[in-house]
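Structure first, then comments.
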Protein chains: 2
Amino acid sequence: MAATTRTRSRMSVPERRALILDAATQLIGDRGFRGMSLRDVAVLAGITEAGVLYHVGSKDGLLVAVLEHRDEVDMASLAERLGVDVETLDEDPLPVTLPALCRALVDRNALQPQIVRLYATLEAESLEADHPANAYFRERETWALGLFARAATTSGVEDPARTSLAMLSLMDGLQLRWLRDPTRIDLVHEWEALSEVFLGGPRA
Amino acid sequence: MAATTRTRSRMSVPERRALILDAATQLIGDRGFRGMSLRDVAVLAGITEAGVLYHVGSKDGLLVAVLEHRDEVDMASLAERLGVDVETLDEDPLPVTLPALCRALVDRNALQPQIVRLYATLEAESLEADHPANAYFRERETWALGLFARAATTSGVEDPARTSLAMLSLMDGLQLRWLRDPTRIDLVHEWEALSEVFLGGPRA
DNA sequence: GTCTATAGGACGATAGAC
DNA sequence: GTCTATCGTCCTATAGAC
């Protein structure tokens, strides 16, 4: 933790950057990208607005940095829960069943409502064509639909594309309700009950 | 259309108000409540910011006015599609089946993506406890869950509460995907396919 | 009833000191 | 690397003319 130079900073660039991204992640989840200001981020990260801009260039740059960071972290944690390598998630015969994939996602999401809220907020906000995250969410949706469809194929479902759309939609809608009042809905339990109806009984 | 006084205005108060609410409705759907400014509304409505504030008091007041107006219009259109009176929607043995209720909603929503987008945007934005529409959406969700549950009971479903949650979640998630790319998804057609799986075959 | 004018902030971003 | 200082813009809201 000791400074290696005689500059004033007591923190390395990656550490400071991580602190900024954490602050932004929390604030976007709370207030949305538009509802959050660089000042809010700066205060929460313990530096000034100019300091934040030095690291991420612009407000839009901050959003991009946050999303890229989340992609890395979330992909890794998903792969870990599924017991496969990260690259495996892109293979075509996917060695993961649809119920297993869904359960891994729901179990993880239940532990990080803040992150789920970040995505829920940005997903709606970015519907506008001019939003800085519009392209990102377009690609993300295509990727997710593909992943679910490959898992559905592995599970031997009749109509993989449609089932993929259904499970993803159901999951998003349920999570939105869970976010509104986490005490009213037990996400994991409710998902299990709902997916049984849709997939016809529980499986490994 | 002739002015009844010698003032400058060429429009009655209700007319001007309707124009303002229309403008705000469109802009909230496009950019969210936080992403939209009173100036934007004023320009689209053809008056100044001060003019807008005269009619709705404040920016938050504008949001309330928009939501109240939508409640009126949307409840009436839903009742009409179902062939019942508006008050009937609050009765406890609800004389409407769940598939009929869902189909009426989806059919109508397919014709007004702008309004669906307004709700999708605000629903996410208002997750924050301090948002001016937070209480509104909390109550709206409770009401919707109740309506769906009563329809489920009428349809003789085993678990009305859970089925209600499932259908509402599925509908929201599907609509979000439809909003992102309306050309990729035929909302009405896709809903029919998905709900068949969930409700076990089509019914009147 | 709608305007002009303006108050009074908050915002994103830049320049330059340290 | 982070700061201070500042610019120019946008914002909501109010006061008062017409």
Side-chain angles (χ1 to χ4, degrees), chain A residues 1-24 27-28 30-66 122 125 128 130-133, chain B residues 1-24 27-28 30-66 122 125 128 130-133:
Chain A
M1 217 60 86
T4 55
T5 71
R6 31 178 205 291
T7 68
R8 198 186 304 151
S9 75
R10 249 162 269 147
M11 212 172 268
S12 70
V13 169
E15 279 172 339
R16 181 62 80 184
R17 197 184 151 85
L19 216 61
I20 291 172
L21 294 189
D22 280 355
L27 286 164
I28 294 174
D30 279 353
R31 305 217 264 271
F33 179 64
R34 291 211 153 101
M36 166 205 82
S37 73
L38 289 179
R39 181 164 316 182
D40 298 332
V41 178
V43 169
L44 202 57
I47 52 172
T48 62
E49 302 163 66
V52 172
L53 286 172
Y54 166 78
H55 282 93
V56 297
S58 68
K59 197 189 179 189
D60 284 8
L62 174 58
L63 180 56
V64 170
V66 166
L122 279 178
E125 211 178 299
E128 190 202 1
D130 291 345
H131 194 281
Chain B
M1 217 58 87
T4 54
T5 71
R6 28 177 208 291
T7 69
R8 200 186 301 151
S9 76
R10 248 162 270 148
M11 212 173 267
S12 70
V13 169
E15 279 172 337
R16 182 62 80 183
R17 198 182 150 86
L19 217 61
I20 291 172
L21 294 188
D22 280 355
L27 287 165
I28 294 173
D30 279 354
R31 305 215 263 272
F33 179 64
R34 292 210 152 101
M36 164 204 83
S37 73
L38 289 179
R39 181 169 312 186
D40 298 332
V41 178
V43 169
L44 202 58
I47 53 174
T48 63
E49 302 163 66
V52 172
L53 285 172
Y54 166 78
H55 282 94
V56 296
S58 68
K59 197 189 178 187
D60 284 9
L62 175 59
L63 180 55
V64 171
V66 166
L122 280 178
E125 210 179 298
E128 190 203 359
D130 291 344
H131 194 281

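Proteins come first, then strands; the chains are lettered A, B, ... in the order of their sequence lines, and each starts at number 1.
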- [ ] With sequence neighbours excluded, tell me which residues meet side-chain contact (heavy atoms from CB on, under 4.5 Å) with B:Ala133.
- [x] B:Leu63, B:Leu67, B:Ser126, B:His131, B:Phe137

Task: Distance, rounded to the nearest Å, where A:Arg16 contributes CZ and D:dC3 contributes C1' - done: 12 Å

Open item on the list: Using side-chain heavy atoms (C-beta onward) and a distance below 4.5 Å, is B:His55 in contact with B:Val13?
Closed with: yes

Task: Those residues that, when tested against A:Asp22, pass side-chain contact (heavy atoms from CB on, under 4.5 Å) (two or more places apart) - done: none

Task: Separation of C:dT2 P from B:Met11 CE (nearest whole Å) - done: 9 Å

Open item on the list: Does D:dT2 have OP1 or OP2 under 4.0 Å away from a side-chain N or O of A:Thr48?
Closed with: no

- [ ] State which residues pass side-chain contact (heavy atoms from CB on, under 4.5 Å) with B:Leu27; sequence neighbours excluded, sorted by chain then number.
- [x] B:Arg31, B:Met36, B:Asp40, B:Val41, B:Leu44

TODO: Using atom OH of A:Tyr54 as one end and atom P of D:dT4 as the other, report the distance to the nearest whole Å.
DONE: 17 Å

Task: Distance, rounded to the nearest Å, where B:Leu62 contributes CG and D:dT12 contributes P - done: 10 Å

TODO: Give the rounded distance in Å between these two atoms: CZ of A:Arg34 and P of C:dG12.
DONE: 12 Å

TODO: In whole angstrom, give the distance that lies between atom CZ of B:Arg39 and atom C1' of D:dC10.
DONE: 6 Å

Open item on the list: Could you work out, with salt bridge (Lys or Arg N to Asp or Glu O under 4.0 Å) as the rule, every residue matching A:Arg17, not counting sequence neighbours?
Closed with: none

- [ ] Please name all residues satisfying salt bridge (Lys or Arg N to Asp or Glu O under 4.0 Å) with A:Arg34, sequence neighbours left out, ordered by chain then number.
- [x] A:Glu128

TODO: Give the rounded distance in Å between these two atoms: CG of B:Leu63 and C1' of D:dT12.
DONE: 15 Å

What N/O pairs connect the protein and nucleotides 13-17 of chain D at under 3.5 Å? Give each pair on its own line.
{"unit_1": "D:dA13", "atom_1": "OP2", "unit_2": "B:Lys59", "atom_2": "N", "d": "2.8"}

TODO: Indicate, with a heavy-atom threshold strictly under 4.0 Å, whether A:Ser37 touches base, sugar-phosphate, or nothing.
DONE: sugar-phosphate

Open item on the list: Measure CG/A:Leu19 against C1'/D:dT2 and give the value in whole Å, please.
Closed with: 14 Å

